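Everything numeric here is computed off the predicted structure, so don't read it as measured data. Below, chain A is the first sequence line, B the second, and so on; all start at residue 1.
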Protein chains: 2
Amino acid sequence: MHAKGYLDLMRRHGLRVTPQRRIILQLLEERRGHPDATAIHRLAQERDPRISLATVYRTMKVLEDLGAIQRHLFEGGPARFENADTDHHDHLIDIDTGKVIEFSSSRIEKLQEEIADRLGYEIVHHRLELYGRKKRQE
Amino acid sequence: MHAKGYLDLMRRHGLRVTPQRRIILQLLEERRGHPDATAIHRLAQERDPRISLATVYRTMKVLEDLGAIQRHLFEGGPARFENADTDHHDHLIDIDTGKVIEFSSSRIEKLQEEIADRLGYEIVHHRLELYGRKKRQE
DNA sequence: CTCACTGCAAACCTTTTGCAATAGA
DNA sequence: TCTATTGCAAAAGGTTTGCAGTGAG
């Protein structure tokens, strides 16, 4: 999903495309990391100083409701956002730098399903986060 | 670890055993669930109305630092606390009731290690939470 | 021309903290 | 006695919201 896709998505839902939203969407496009609201706000303000933090939060909420982004609450920090157009994956967070590495394991997913099933539950969603530190030498 | 154990632990570290702490520790003993600070506070006040929420938080912080309890930040709610004297386990949260079910899987643990290793990381700790809904009929 | 969207500031919610008073050891 | 601990109220930190003004469609 590229910039056009985001905008189309919003238009399709009868939402207005304002300059603020245009800038925020563009930023999320260009920097596909796991920024928090403050980081997005800072970058957005470089392009238009009028953009408020409230608008950033409101825009992220809209995108989240549309299923276009995901909100992650990693340990001890503000919410971080990520494009939702990639396949499902989990996260390894570098506890020294805050850097996020994505990974996925169908074997783990399968085991999770089995466990939930055994307990009589259907998984609606899950959260697997590894907090680690870079090894010295491989 | 029973009540005596908690108290001893605090004494061993030169901490004072106040009536407030005594009550909170006793509560954690009796109700080994995953209560949040407000729940602990409410129960504690039934036994001594003078106990403040601040003291609950401070006591939990002390216990956490001593390694006697663990703090969990499940989705969309306040921190919840759990005795740390059981073996490692993960959690399945019932999204309808908030109930927490514990489980553990050495196979998942092993796969996590392998993944982190492959990415050049050592896991310091992790978080695996399944959010699910009870199945109708087994 | 409408009403969705915005900026601003205030409100919210959970958690922490400064301070003066209290009370374990 | 001495200072760790407490209650209270205020502060902190991230996120949301009420409101009146603005501007996209």
Side-chain angles (χ1 to χ4, degrees), chain A residues 6-27 34-42 44-66 68-82 98, chain B residues 6-27 34-42 44-66 68-82 98:
Chain A
Y6 268 142
L7 294 180
D8 279 352
L9 183 67
M10 298 198 88
R11 289 198 189 99
R12 247 182 287 143
H13 285 262
L15 300 168
R16 292 185 181 168
V17 177
T18 64
Q20 291 91 332
R21 287 181 172 174
R22 209 180 283 271
I23 287 171
I24 292 170
L25 299 188
Q26 201 178 341
L27 281 173
H34 302 74
D36 59 32
T38 311
I40 297 168
H41 183 223
R42 187 167 15 80
Q45 283 202 316
E46 289 176 11
R47 306 196 187 182
D48 184 343
R50 288 173 316 170
I51 296 180
S52 72
L53 184 56
T55 292
V56 171
Y57 274 111
R58 280 191 278 231
T59 302
M60 299 319 279
K61 179 76 166 61
V62 167
L63 292 175
E64 200 182 352
D65 291 346
L66 293 176
I69 63 153
Q70 269 190 281
R71 171 186 300 237
H72 299 293
L73 278 171
F74 299 137
E75 282 186 357
R80 297 173 67 171
F81 306 93
E82 170 184 44
Chain B
Y6 268 141
L7 294 179
D8 279 352
L9 182 67
M10 298 198 89
R11 288 196 190 99
R12 247 180 286 137
H13 285 262
L15 300 168
R16 292 182 182 170
V17 177
T18 64
Q20 290 92 332
R21 286 182 173 174
R22 209 180 285 272
I23 287 171
I24 292 169
L25 299 188
Q26 201 179 343
L27 281 173
H34 301 74
D36 59 33
T38 311
I40 296 169
H41 183 223
R42 188 167 14 80
Q45 283 203 316
E46 289 176 11
R47 306 198 187 180
D48 183 342
R50 287 174 316 169
I51 295 181
S52 72
L53 184 56
T55 291
V56 172
Y57 274 111
R58 281 190 277 231
T59 302
M60 299 318 279
K61 179 75 166 61
V62 167
L63 293 175
E64 201 182 351
D65 290 346
L66 292 176
I69 62 154
Q70 269 189 281
R71 172 186 299 237
H72 299 292
L73 278 171
F74 299 138
E75 283 186 357
R80 298 173 69 170
F81 305 94
E82 169 184 44

Query raised in the report: Roughly how many Å is it from CG in B:Leu7 to P in D:dT5, rounded to a whole number?
Result: 13 Å
Query raised in the report: Do the side chain of A:Arg11 and the base of D:dG25 come within less than 3.5 angstrom through a donor-acceptor pair of N or O atoms?
Result: no
Query raised in the report: Atom CD of B:Gln45 and atom P of D:dT6: how far apart are they, to the nearest Å?
Result: 14 Å
**Report entry** Short side-chain N/O contact to D:dG7 OP1/OP2 from B:Gln20, under 4.0 Å
**Finding:** yes
Report summary line: Looking only at C:dC8, C:dT17, C:dT14, the nucleotide nearest the B:Pro78 side chain is C:dT14
Query raised in the report: Looking only at heavy atoms, what is the nearest atom pair of B:Thr55 and B:Gln20, with distance?
Result: CG2-CB, 4.0 Å
Query raised in the report: Which nucleotide, C:dG24, D:dT15, D:dT6, lies nearest any side-chain atom of B:Pro19?
Result: C:dG24
**Report entry** Close side-chain approach of A:Leu63 to A:Leu9, heavy-atom, < 4.5 Å
**Finding:** no
**Report entry** d(CD1, A:Ile24; C1', C:dC5) in whole Å
**Finding:** 12 Å
Report summary line: Among the nucleotides D:dG14, C:dG7, C:dG18, whichever has the atom closest to the side chain of A:Arg50 is C:dG7
Query - Nearest-Å distance for atom pair CG/P, residues A:Leu53 and D:dT15 - result: 8 Å
Query raised in the report: From D:dG18, D:dT15, C:dA4, pick the nucleotide closest to the side chain of A:Arg16?
Result: C:dA4
Query raised in the report: Quick one: is D:dT6 close enough that its OP1 or OP2 comes under 4.0 Å of any side-chain N or O from B:Arg21?
Result: yes
Report task. Kindly compute the distance separating CD1 (B:Ile69) from NZ (B:Lys61), expressed to the nearest 0.5 Å. Result -> 10.5 Å
**Report entry** Listed nucleotide nearest any side-chain atom of A:Arg71, set D:dT15, D:dT6, C:dT6
**Finding:** D:dT15
Query raised in the report: How long is the line joining NE2 of B:His13 and C1' of D:dT5, in whole Å?
Result: 18 Å
Query raised in the report: C:dC5, C:dT6, D:dG7: which one has an atom nearest the side-chain heavy atoms of B:Ser52?
Result: D:dG7
Requested in this report: From the options D:dT16, C:dT6, C:dG18, select the nucleotide whose nearest atom is closest to the side chain of A:Tyr57.
Outcome: D:dT16
Query - Spacing of B:His41 atom NE2 relative to C:dT15 atom P, expressed in whole Å - result: 13 Å
Query raised in the report: What distance separates A:Gln45 CD from A:Ile23 CD1, expressed to the nearest 0.5 Å?
Result: 10.5 Å
Query raised in the report: Quick one: A:Asp65 CG to C:dC5 C1', roughly how many Å, whole number?
Result: 15 Å
Requested in this report: Using atom CZ of A:Arg22 as one end and atom C1' of D:dG25 as the other, report the distance to the nearest whole Å.
Outcome: 12 Å
Query raised in the report: Should the pair A:Tyr57 and A:Phe81 be assigned to parallel (<30°), tilted (30 to 60°) or perpendicular (>60°) ring geometry?
Result: perpendicular
Query - First of B:Ala79 and B:Arg58 reached from the 5' end of DNA chain C, by closest nucleotide - result: B:Ala79
